[in-house]
Amino acid sequence: MLDINLIRTQPEVVRQALRDRNDSVERLDSILALDTQRRDILKENEALRALRNATSKEIGRMPDAAAREAKKTEMREVGDRISQYEAELGRIEAELDGLTATLPNLVDARAPVGPDEDSNVVLRVEGTPKTFDFKPREHWDLGPALGIIDFERGVKLSGSRFYVLAGMGARLQRALIAFMLDLRQKQGYREVYLPVMVKEQTLFASGQLPKFRDNLYHDAEEDYWFVPTAEVPITNLHGGEILEGADLPLRYCAYTPCFRREKMSAGKDSRGIKRGHQFDKVEMYTFCAPEQAEAEHVKMLADAEETLKALGLTYRVKLLATGDTGFCARMTYDLEVWAPGCQEWLEVSSVSNVGDFQARRAGIKFRRERGAKAELAATLNGSGLALPRTMIAVLENYQRADGSVEVPEPLRKFVGVDVIG
RNA sequence: GGAAAGGUGGCCGAGUGGUUUAAGGCGACGGUCUUGAAAACCGUUGUGGGGCCAGUCCUCACCGUGAGUUCGAAUCUCACCCUUUCCGCCA
């Protein structure tokens with residue numbers, strides 16, 4: 001959520017930001033008009049309330065019954081007017097809040113301006129795409145051949161975009177999870193185990209609702225929502241709290257399944273394990289003071305990169321353009337790992353500085369010192385990393401001519417073998 | 001799922017319709033005293049919105065949430081949520 005005061009005083013900044021994001025600007029004028037209306041009515045209503053409060057107190061002290069009745073009649077009318085104003089205010093505020101909640105965060109001035117992903121900039125490539133003296137196979141070929149990915153049975157159980165990992169496939173994924181969580185701990189992130197079914201307010205606070213309703217799974221009977229990322233519950237860990245400035249930055253990591261309807265990407269990436277309705281992810285998340293956010297962003301990016309470096313994978317770092325930067329984010333780096341089988345750069349991590357955008361929605365504040373005024377915290381999130389795509393990269397990069405797959409050194413102690421196949 | 005009890009500020013806790021402007025206590029912070037500390041005493045101690053004469057200022061809202069009754073609600077009514085205990089079921 002943007003600061004209403006910023007929208008009010010610098011509407012042109014917001015208007016330009018919306019244009020840069022390739023977003024429509026019409027609702028901004030509605031917001032400004034509603035905000036003015038709201039304050040006008042609020043002012044009058046408060047005067048009436050003040051009058052009623054004072055008069056009611058008088059009535060309590062009046063000895064004369066007739067005078068008391070006269071005042072009561074008078075106040076009854078005032079009460080009616082207050083009710084009318086409040087009904088009007090309720091309507092205006094609902095509309096205003098509804099519109100304001102759809103405004104995306106302002107994008108950092110360093111992000112390239114452009115309407116979509118084509119304007120993203122590759123900052124650097126780390127490593128060299130691996131060469132093979134045979135034609136590397138795609139994971140959807142390799143996996144089933146090794147008996148470690150079973151697409152048919154996934155479809156049998158749940159339909160398209162589901163799969164089963166079996167034997168060393170399941171074990172490899174578990175190894176990656178353990179490896180990543182251990183690495184995060186060394187990097188200073190506290191591990192948490194979280195609910196993956198949450199209430200509506202939780203998704204609103206982290207920015208997924210109301211805008212991305214179509215991408216979420218929802219249990220209508222109990223009104224639980226399935227999280228699309230651990231970012232959602234972690235954001236709300238400190239929702240409505242005032243943190244101690246001395247404790248910041250607070251860094252968390254979590255391993256969770258993620259659930260996405262992928263309605264927007266129907267038909268896209270339907271082959272392999274790249275894009276499923278259910279996938280696992282290790283997530284990083286940081287709560288900090290505004291002035292710490294930039295350093296934490298740099299750190300989180302480096303921390304995510306360390307995963308890929310340790311696994312010996314080639315990847316590139318992208319800075320997202322204004323039009324491709326996520327709703328909540330001020331600036332986002334994407335990490336894309338090279339998959340030589342399907343010949344594709346796969347997005348395995350998105351590392352975002354969110355500023356105070358989620359903190360305002362979720363009510364996350366901190367105090368610099370005892371007695372100081374509570375200020376909004378800054379938050380950052382980053383994948384560290386998405387499991388299926390990391391697994392694709394491992395399988396395709398470490399495959400051998402005979403169809404077996406070498407296990408990257410850091411995973412061996414978790415997998416228990418050096419070679420799968 | 002059933003039954004009972006409960007939900008008030010950072011914490012404990014009083015408050016069953018009007019000097020409550022949420023008592024009192026604890027904690028925290030500031031001050032006096034002290035070589036220093038403790039004790040004692042004095043003072044301060046929430047969040048959000050709005051206003052203008054921009055202040056040590058005025059005002060509105062907030063006692064689990066939402067409706068309602070009333071001139072006036074922490075207090076009365078209704079619904080819901082949550083917590084605790086017991087029962088049932090269960091990994």
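Sequence lines set the chain letters: A, B, ... in the order given, protein chains first and strands last, and positions in each chain run from 1.
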task = To the nearest Å, give me how far apart CE (M62(A)) and P (G17(B)) are.
result = 22 Å

request  = Could you tell me whether R260(A) and E262(A) make a salt bridge, using a distance below 4.0 angstrom between a side-chain N and a carboxylate O?
outcome  = no

ask   = Does the cation-pi check pass for R171(A) over F414(A), that is, NZ or CZ under 6.0 Å from the six-membered ring centre and within 45° of its axis?
value = no

query = In dot-bracket, 5' to 3', how would RNA chain B read with Watson-Crick or G-U wobble pairs under 3.5 Å, [ ] for crossing ones and | for pairs to another strand?
reply = ((((((((.[[[..)..(.....]]]((((((.......))))))(((((((..).)))))).[[[[[..)....]]]]])))))))....

query = Ion pair present between R68(A) and D64(A), side-chain N to carboxylate O less than 4.0 angstrom?
reply = no

ask   = Please give, in whole Å, the distance from G51(B) C1' to R38(A) CZ?
value = 12 Å

task = On the 0 to 90° scale, with breaks at 30° and 60°, tag the H238(A)-Y252(A) ring pair as parallel, tilted or perpendicular.
result = tilted

message = Per the ring-ring contact (aromatic ring centres under 6.0 Å, His included) rule, what does the pair list look like for residues 159-201 of chain A, sequence neighbours excluded?
response = F162(A)-H277(A)

task = Quick one: label R360(A) by what it contacts on the DNA or RNA (base, sugar-phosphate, nothing), any heavy atom closer than 4.0 Å.
result = nothing

task = Indicate, with a heavy-atom threshold strictly under 4.0 Å, whether K71(A) touches base, sugar-phosphate, or nothing.
result = nothing

Run the side-chain donor-acceptor check on residues 89-101 of chain A: report pairs under 3.5 Å with partners two or more places apart or on a different chain.
residue, atom, partner, partner atom, Å
R91(A), NH2, E88(A), OE2, 3.3
E93(A), OE2, R38(A), NE, 2.9
T100(A), OG1, L96(A), O, 2.7

task = Under 4.0 Å from any atom of RNA chain B, heavy atoms only: list the residues of residues 74-83 of chain A that qualify, in numerical order.
result = M75(A), R76(A)

inquiry  = Taking the P atom in each of C52(B) and U47(B), what is the distance between them to the nearest angstrom?
reply    = 24 Å

ask   = If you measure from the P atom in U77(B) to the same atom in G1(B), how many Å do you get, rounded?
value = 26 Å

Q173(A) side chain reached by M168(A) side chain, heavy atoms, under 4.5 Å = no

request  = Report yes if at least one side-chain N or O of R68(A) is closer than 4.0 Å to OP1 or OP2 of G72(B); otherwise report no.
outcome  = no

request  = Would you mind telling me which residue lines up with the more 5' stretch of RNA chain B, T73(A) or S56(A), judged by nearest nucleotide?
outcome  = S56(A)

inquiry  = How many whole angstroms separate atom CZ of F366(A) from atom C1' of G46(B)?
reply    = 18 Å

task = Show your working on side-chain contact (heavy atoms from CB on, under 4.5 Å) between L313(A) and T307(A) and close with a plain yes or no.
result = CA-CA 9 Å; L313(A) 297 169; T307(A) 323; over 6 Å; no

query = Can you find a heavy atom in the side chain of V351(A) that is under 4.5 Å from one in the side chain of L380(A)?
reply = no

Shortest side-chain distance from I59(A), nucleotide among G50(B), U47(B), C71(B) = C71(B)

inquiry  = Measuring from the side chain of K57(A) (C-beta onward, heavy atoms only), which nucleotide among G50(B), U21(B), C71(B) has the closest atom?
reply    = U21(B)

Whole-Å gap separating C1' (U47(B)) and CD (E241(A)) = 15 Å

task = Sugar-phosphate atoms are those with a prime plus P, OP1 and OP2; base atoms are the rest. Using that split, label each nucleotide of nucleotides 55-61 of chain B B, S or - for protein heavy atoms under 4.0 Å, 5' to 3'.
result = ----BBS

request  = Grab the CD-P distance between E44(A) and G51(B) for me, whole Å please.
outcome  = 13 Å

ask   = Salt-bridged, E44(A) to R39(A), with N to O below 4.0 Å?
value = no

message = Just the rounded figure in Å: distance from C1' of G50(B) to CG of L89(A).
response = 11 Å

query = Using the C1' atom in both, what is the distance from G36(B) to G46(B), to the nearest Å?
reply = 34 Å

message = Between C1' on G50(B) and CG on N5(A), what's the gap in Å once rounded to a whole number?
response = 12 Å

key: Whole-angstrom distance between A40(B) and C33(B), as gauged at atom C1'   = 9 Å

note = Separation of U45(B) atom C1' from I242(A) atom CD1, nearest Å, is 13 Å

R61(A) side chain near U19(B) phosphate (N/O to OP1/OP2, under 4.0 Å) = no

key: SB check R368(A) E244(A) (cutoff 4.0 Å)   = no

inquiry  = Using atom C1' in both nucleotides, what's the gap between C82(B) and G25(B) to the nearest angstrom?
reply    = 28 Å

request  = Between A23(B) and A74(B), how far apart are the C1' atoms? Round to whole Å, please.
outcome  = 13 Å

note = Taken in chain and number order and not counting sequence neighbours, the residues that satisfy side-chain contact (heavy atoms from CB on, under 4.5 Å) with N120(A) are E117(A), K318(A), L320(A), A321(A), D324(A)

P atoms of U19(B) and C60(B), separation to the nearest Å = 15 Å

request  = Indicate yes or no for a side-chain donor-acceptor contact from T229(A) to the backbone of E231(A) under 3.5 Å, with no hydrogens or angles considered.
outcome  = yes

task = In whole angstrom, give me the gap between the P atoms of G30(B) and A38(B).
result = 11 Å

